[in-house]
Amino acid sequence: MTATAGERVATAGAGHRSWVGVAFVSPAVLLFLVFILGPFVAAIILSFYSWDMLTPSQFNGVGNFTEMLSDSTLYKALANTFIFSLASVVTHLIGGFLLALGVNRLASKSLSYFVRTSLFFPFVISWAAVALLWKYVLDPTFGIVTYYLSEIGIHSPAWFTDPHWALPAIIAIDWWHTIGFTFIIMLAGLQTVPGELVEAARSDGCNGWQVLWNVTIPLMSPTIFFAGVITFIGAFQIFDPVQIITPNGGPDNATLTIVMYLYQKGFQSFQVGYASAVSLLVFVIMAAVTALQFWLSRKWVYET
């Protein structure tokens, strides 16, 4: 049966709209292929080779992966990264939630706006500036913290050269720099809690703690879960402050993280194949921990 003129026009219009859709989507697809999928596939391939970027690559099979099993420095980097990530998740969730509770109770809108801006402002500062700022503030010789501690009779430790203090110092600096992001997420989630449920709980005789534990936190559990996942992913990839403040992993590799170790192997030692294998390990660990978080969320996240 011959198509009518109207049907031909409709078909042509549908084809034109599909091409317009492809044109709009293509930049994002191209960026994904070039900067995400492409490097990911290249890393998988390179992990089976030995290559220093100067001489031809040689097939190494699973040699890079077996080498990781006996690499004590890799284990040290993983331990530091997990400690940093766990501390970051716990302090961000608790600190961000408490800050959000406090700001949400402020009666003055202007004061609330000022506090929110003040808390979020450090997050927009580049890591390079933050690292250099705190490297000066915590300097054991002329730092501001050193001066005020000495005024009250406390001897300031060597924050970045003492293996016992280097990683806690980096954790504290990271908290100061990024807590504003978690705070904003928590504040947004807190403001979605229905006020009528809170009032109903109070009418039933619940005190402030009972309302918080039985109403506010369950209704905010999706927000807390999201903040926990995002914080862990960001913390596990920490690199900038560690590299700037404690180059090469600090004293006795006290601040060596897995991403820094990957950088050292790939761009300082030129062991590209081994660095690619380490990057796949990082991907697997992050994917496994994220999947575990999603699985555990079914037991405590309240779905409305």
Side-chain angles (χ1 to χ4, degrees), residues 32 35-37 39-40 43-44 47 65 68 74-101 104 119-120 122-123 127 167-168 170-194 212-242 255-262 276-304:
F32 173 78
F35 293 104
I36 298 179
L37 184 61
F40 181 72
I44 294 176
S47 65
F65 297 97
M68 288 194 299
L74 175 66
Y75 291 133
K76 177 67 173 178
L78 282 174
N80 290 339
T81 306
F82 272 110
I83 292 173
F84 178 89
S85 300
L86 179 61
S88 182
V89 170
V90 172
T91 56
H92 276 74
L93 293 184
I94 295 177
F97 182 69
L98 293 178
L99 288 172
L101 280 176
N104 193 53
L119 289 172
F120 188 76
F123 183 72
W127 254 126
L167 188 59
I170 297 294
I171 292 172
I173 293 171
D174 173 76
W175 188 90
W176 179 87
H177 180 242
T178 58
I179 188 59
F181 180 73
T182 309
F183 157 72
I184 289 296
I185 294 175
M186 292 293 187
L187 184 61
L190 191 61
Q191 293 177 345
T192 62
V193 176
L212 177 67
W213 185 256
N214 296 297
V215 179
T216 304
I217 292 180
L219 292 176
M220 280 193 62
S221 57
T223 302
I224 297 172
F225 167 68
F226 171 77
V229 172
I230 294 298
T231 303
F232 172 80
I233 292 174
F236 207 82
Q237 301 176 79
I238 191 69
F239 174 78
D240 295 0
V242 181
T255 60
L256 181 66
T257 62
I258 190 64
V259 174
M260 173 178 274
Y261 187 61
L262 188 158
S276 298
V278 173
S279 70
L280 294 182
L281 175 64
V282 173
F283 171 77
V284 170
I285 292 175
M286 292 178 63
V289 173
T290 303
L292 178 62
Q293 288 176 305
F294 271 91
W295 181 76
L296 292 175
S297 69
R298 295 183 298 178
K299 301 180 181 297
W300 66 275
V301 173
Y302 176 78
E303 298 292 344
T304 57

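As a basis for the values below, the full set of heavy atoms in this structure was taken, side chains included, without hydrogen atoms, waters or symmetry mates. On a predicted model such as this, the values are computed, not experimentally measured, just so you know.
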If you take the centroid of each ring, where Trp contributes its six-membered ring, are F236 and F84 closer together than 6.0 Å? no

Centroid separation under 6.0 Å, is that true for the rings of F183 and F123? no

Measuring only between side-chain heavy atoms, which start at C-beta, is [X] closer than 4.5 Å to [Y]?
{"X": "M186", "Y": "L93", "answer": "yes"}
{"X": "V193", "Y": "M220", "answer": "yes"}
{"X": "I217", "Y": "F97", "answer": "yes"}
{"X": "L296", "Y": "V301", "answer": "no"}
{"X": "I179", "Y": "P122", "answer": "no"}

Reported [atom1]-to-[atom2] distance for the pair [X] and [Y], which is rounded to 0.5 angstrom:
{"X": "I185", "Y": "T231", "atom1": "CD1", "atom2": "OG1", "result": "6.5 Å"}
{"X": "M260", "Y": "N80", "atom1": "CE", "atom2": "CG", "result": "10.5 Å"}
{"X": "T255", "Y": "I238", "atom1": "OG1", "atom2": "CD1", "result": "10.5 Å"}
{"X": "T81", "Y": "K76", "atom1": "OG1", "atom2": "NZ", "result": "10.5 Å"}
{"X": "I224", "Y": "L190", "atom1": "CD1", "atom2": "CG", "result": "9.5 Å"}
{"X": "L99", "Y": "L187", "atom1": "CG", "atom2": "CG", "result": "10.0 Å"}

Starting from the C-alpha separation in whole Å, work towards a yes-or-no answer on side-chain contact (heavy atoms from CB on, under 4.5 Å) for T257 and L262. CA-CA 9 Å; T257 62; L262 188 158; over 6 Å; no

Can you name the closest pair of heavy atoms from [X] and [Y] and give their distance?
{"X": "Y75", "Y": "M68", "result": "OH-O, 3.9 Å"}
{"X": "L280", "Y": "S47", "result": "CD1-OG, 3.6 Å"}
{"X": "P218", "Y": "L212", "result": "CD-O, 4.3 Å"}
{"X": "A77", "Y": "Y261", "result": "CB-CB, 4.1 Å"}
{"X": "A87", "Y": "I171", "result": "CB-CD1, 3.8 Å"}

Please step through side-chain contact (heavy atoms from CB on, under 4.5 Å) for the pair L281 and L78, ending with a clear verdict. CA-CA 10 Å; L281 175 64; L78 282 174; 4.2 Å; yes

Determine whether a donor-acceptor pair (N or O, by modelled atom type, separation under 3.5 Å) exists between the side chain of T192 and the backbone of G189. yes

State whether the side chain of S85 and the backbone N or O of F82 hold a donor-acceptor pair below 3.5 Å, judged by distance alone. no

Do other residues, nucleotides or ligands put more than 12 heavy atoms under 6.0 Å from W213 CH2? no

Is the number of heavy atoms from other residues, nucleotides or ligands under 6.0 Å of F283 CZ greater than 12? no

Audit row: H92, D174, side-chain contact (heavy atoms from CB on, under 4.5 Å) steps and yes/no: CA-CA 10 Å; H92 276 74; D174 173 76; 3.6 Å; yes

In terms of the angle between their ring planes, are W127 and H177 parallel, tilted or perpendicular, with boundaries placed at 30° and 60°? tilted

